Amino acid sequence: MRDDDEVSGSDAEIHPSEVQAEGAAWPGEIRKTGDGSVDAILDQLQGLPDLPTASQTEAYTEIHDSLRSELNADGDSD
């Protein structure tokens, strides 16, 4: 773990592997839903720990919007 005096301003970024090393493990495999389109969207969550923290909000938003669209589209087919 880093000392505070080693971290400088906005250039400081914590890599997910550092957080995991401290006990906040990323969830294991995402359980499949049985819907191929939904599963493909949820599979994108697995790549989030590899993204820089600053990019994760955009990735979550894209995944959320895709999932919402897919789920709403399924409801329209009734």
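Keep in mind that what you see is a predicted model, and the values were worked out from it rather than measured.
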I need the Arg31 CZ to Asp39 CG distance, nearest 0.5 Å.
11.5 Å
When rounded to the nearest 0.5 angstrom, what is the spacing between CG in Leu45 and CD1 in Ile30?
4.0 Å
Looking only at heavy atoms, which two atoms of Ala59 and Leu48 are closest? And how far apart?
CB-CD2, 3.3 Å
Can you find a pair of side-chain heavy atoms, one from Lys32 and one from Asp43, that are under 4.5 Å apart?
yes
CD on Glu70 to CG on Asp35, rounded to 0.5 Å:
6.0 Å
Indicate the atoms forming the closest heavy-atom contact of Leu42 with Thr33, along with that distance.
CD1-CG2, 3.9 Å
CD1/Ile63 to CZ/Arg68 distance, rounded to the nearest 0.5 angstrom?
15.5 Å
Say whether, by atom type as modelled, one donor and one acceptor occur between the side chain of Ser66 and the main chain of Glu62 under 3.5 angstrom.
yes
